[in-house]
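Shown next, in structure tokens, is the structure this report addresses.
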Amino acid sequence: MIKLFKIAIRNLIRYKRRTLMTSTLIAIGVLFVLVFIAASGSFKNLMIGQITDSMLGHLQVHKRGYMASIDSLPLTLNLNAKAIKKLEIAIKKIPEIEAYSPRIKFGGMFSNFVESSNIRMNGVYPEKEIACIPLFLSRINKGEKAIKKGEILIPELLATGLKVKVGDAVVVIATNRDGSVNGKQFKVGGIIESVTGPGGRDGYVHIEDAMEILRIDELEISEVAVRVKDFSKLDSVSNSLNRVLSQNLNKQGKPVFDVRTWEKLSPFYNIARMIDIMTIFIKIMLIAIVLISIMNVMIMAVYERIREIGTIAAIGTMPEKILSLFLIEGLSLGVTGVIVGNLLALIAVFLMNIIEITFNFGRQTGFILAPELKAGNILFVSAVVIIVSVLAALQPAFKASRMEPVEALRHV
Amino acid sequence: MSLIMAKNLSKTYYSGEIEVHALKSLSFEIKPGSFMSFIGPSGSGKTTLLNIIGCLDKPTSGSLKVANVLTSDLTRREAAAFRGENLGFIFQDFNLIPVLTVFENVEYPLLIVQNVPARERRERVISLLDKVGMKDQMNKFPDQISGGQKQRVAVARALVSNPKLVLADEPTANLDSKTAFMVIDIMKKMRDEFGVTFLFSTHDPKIVGEVETLFTLEDGMLSSRLDGKGGNND
């Protein structure tokens, strides 16, 4: 086998320019794919991190049916005290959960005593919300970075539209689940910006203030945001939580709780999927490059060496050894391209991290792209290229091994 | 006992729609250790016959036994294995593998075909290269040596696997007279030393004058047998 490798490599060296061009093409393909995977992966993770750590949490639990009516923020579909207790017990059973934050959400009117506008209110426990959504405070761009009782964080859009500043007095009016209307005066504690840019209408108050507006004596909540310790284990944590909670059934025999990961809560998931699909297309392009270039080279190699094939067949070389000889040539081309491509990709990613490429996302600016090449990605791309290299050489190699020696020897 | 025994050997092939009878019911026997040649004009069927004897091609009808094996019935794989074990080939254009050195070209049948251990391989290759006068050139590549030297290497390659029969198709056609005689002389010495049968296809008078038996082919049929160097006409 070593001798076959030696012969194959010498045959590749024999056609230096062709071998160099093909290996370079494969190396460039591997370089682009790995750099794209590293950069797009970094961008995707950064964006997912922004969305989950600034707003959503990694997963959320609602009462079944709440998500279908979320636009109207129905108070009638809140989880009651009994359900909250069960939920808290379930959460505490799962050690992979780092933090959770109960929220009351309701729609209301926001007034500066001169003008009014609608607002989506979120009543939260500040410590729990910050533990679950660590970037929450960084969204407060004016005022103290805190949620205090008697204060309200208002969205930037409303602050601008209604000309409200930090420290101003405002009123929030809401209808409770019995249909009666109540209002409460707040001091504007801060202006909060939306994660994805202008347009957000979410205001934040302490959960006890929210209960007061809604005249709720016993705690009830609209959703619980959950943060897991290891994001890569999100699906397994979600499944575990779902499994524990699914034992709680309503009167119709259906589960009380609805557990959803961030993918099912944010439209950004579609962008993340688009990035994944683009990565797949880039990989397919790489496969096409490798397939076409190696197949082309190997077809040429077989055509140019027909008499040589005839000679080695005549002196008794078995067809499978002739097949191996050409497959090894294809394999060697692929391996060379992979090694060079991987090295170039590692250098490129290292340089990108030194240069610190920045970009903006929504209102957030100055994100630094931190491309990272994972061993898994390198191994996957390398394996694909090497397998495709061998597959591309298979047809010409098979043709060579099936040649009739007498015909091959006659070839001019 | 005969090394080669052909009975009613025929070969027909098609060139477009034209049926060509390359060999017409040939029957002959060749004894081990012969140094003999098929001669005849172009198109007489010499190369076709040599290809069939060399298990590179199959007869359309008739039977052929080489070294007691009915080679006309061998499958593709069996034929390859038989060639590797029993036959050696010398080609008109030398057909050395360009990426291998002289040593490696001769070593090839032992390494890739017969899997002979490294030490024995080296001894056999060097011994043969010494006998054909190419030992001092063994690290050169085929494009670094002359035509005569290439053919001497080809002779060594054909003999290294200890074949029973060496088939040589026009082995001197691309050589000058002096080199041709030298190569013929080497082949003869090898026959004398190893007892290998040499079978040529040629119309080169230099070989014709040196062989011990001549079969003349005309239009695919054996027209005469001449035992040269004192032999008798049949």
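Quick note on labels: first sequence line is chain A, next is B, and so on, each numbered from 1. These values consider heavy atoms only, across backbone and side chains, with no hydrogens, waters or symmetry-generated copies.
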### Task
Spell out, as yes or no, whether a donor-acceptor pair under 3.5 Å connects the side chain of B/Arg83 to the backbone of A/Ala313.
yes
### Query
Should we say atom CZ of A/Arg14 is surrounded by more than 12 heavy atoms from elsewhere, each under 6.0 Å from it?
yes
### Message
Please determine whether the number of non-hydrogen atoms from other residues, nucleotides or ligands lying under 6.0 Å from atom NZ of B/Lys7 exceeds 12.
### Response
no
### Task
Kindly check if the number of other-residue, nucleotide or ligand heavy atoms within 6.0 Å of CG (B/Asn8) is above 12?
yes
### Message
Quick check on the interface: out of B/Gly88, B/Pro163, B/Pro98, B/Ala158, who has the most heavy-atom pairs with chain A under 4.5 Å?
### Response
B/Pro98
## Note on the structure
Note: vs chain A, highest number of non-hydrogen pairs under 4.5 angstrom among B/Asp57, B/Leu111, B/Thr47 is B/Leu111
### Message
Any heavy-atom pair between the side chains of B/Tyr108 and A/Ile312 that's under 4.5 Å?
### Response
yes
### Query
Measuring heavy-atom distances to chain A, does B/Asn105 have an atom under 4.5 Å in its side chain, in its backbone, in both, or in neither?
neither
### Message
Taking every non-hydrogen pair under 4.5 Å, which of A/Glu407, A/Arg307, A/Glu404, A/Arg305 racks up the most with chain B?
### Response
A/Arg307
### Exercise: identify the closest heavy-atom pair between B/Glu107 and A/Lys3
OE1-NZ, 3.3 Å
### Task
Give a yes or no on whether B/Lys65 atom NZ has more than 12 heavy-atom contacts from other residues, nucleotides or ligands under 6.0 Å away.
no
#### Entry: Per-residue contact mode, B/Phe141 against chain A (heavy atom under 4.5 angstrom)
side chain
## Note on the structure
For B/Pro109 and A/Ile315 the tightest heavy-atom approach is CG-CD1, 4.5 Å
## Note on the structure
If one checks every heavy atom of B/Ile112 against chain A at 4.5 Å, the contacting part turns out to be both
#### Entry: Residue selection (most heavy-atom pairs with chain A, distance under 4.5 Å) from B/Val99, B/Leu56, B/Asp169
B/Val99
### Query
So do the side chains of B/Asn95 and A/Leu409 get within less than 4.5 Å of each other, counting heavy atoms only?
yes
### Side chain / backbone / both / neither for A/Ile13 at chain B, heavy atoms under 4.5 Å
neither
### Ionic contact status for A/Arg10 with B/Glu104, cut-off 4.0 Å
yes
### Message
Counting only heavy atoms from other residues, nucleotides and ligands, does the tally under 6.0 Å from NZ of B/Lys135 exceed 12?
### Response
no
### Task
Mind listing the closest non-hydrogen atom pair of B/Phe91 and A/Ala314 along with its distance?
CZ-CB, 4.0 Å
### Query
What closest approach, in Å, do A/Met318 and B/Ala81 show between heavy atoms, and which atom pair accounts for it?
SD-N, 3.9 Å
### Query
Would one find more than 12 heavy atoms of other residues, nucleotides or ligands at under 6.0 Å from atom NZ of A/Lys399?
no
### Message
Tell me whether the count of non-hydrogen atoms from other residues, nucleotides or ligands lying under 6.0 Å of CZ in A/Phe32 goes above 12.
### Response
no
### Summary
Under 4.5 Å to a heavy atom of chain B? For A/Ser401 that would be backbone
### Query
Counting heavy atoms not belonging to B/Phe82, are there more than 12 under 6.0 Å from its CZ?
yes
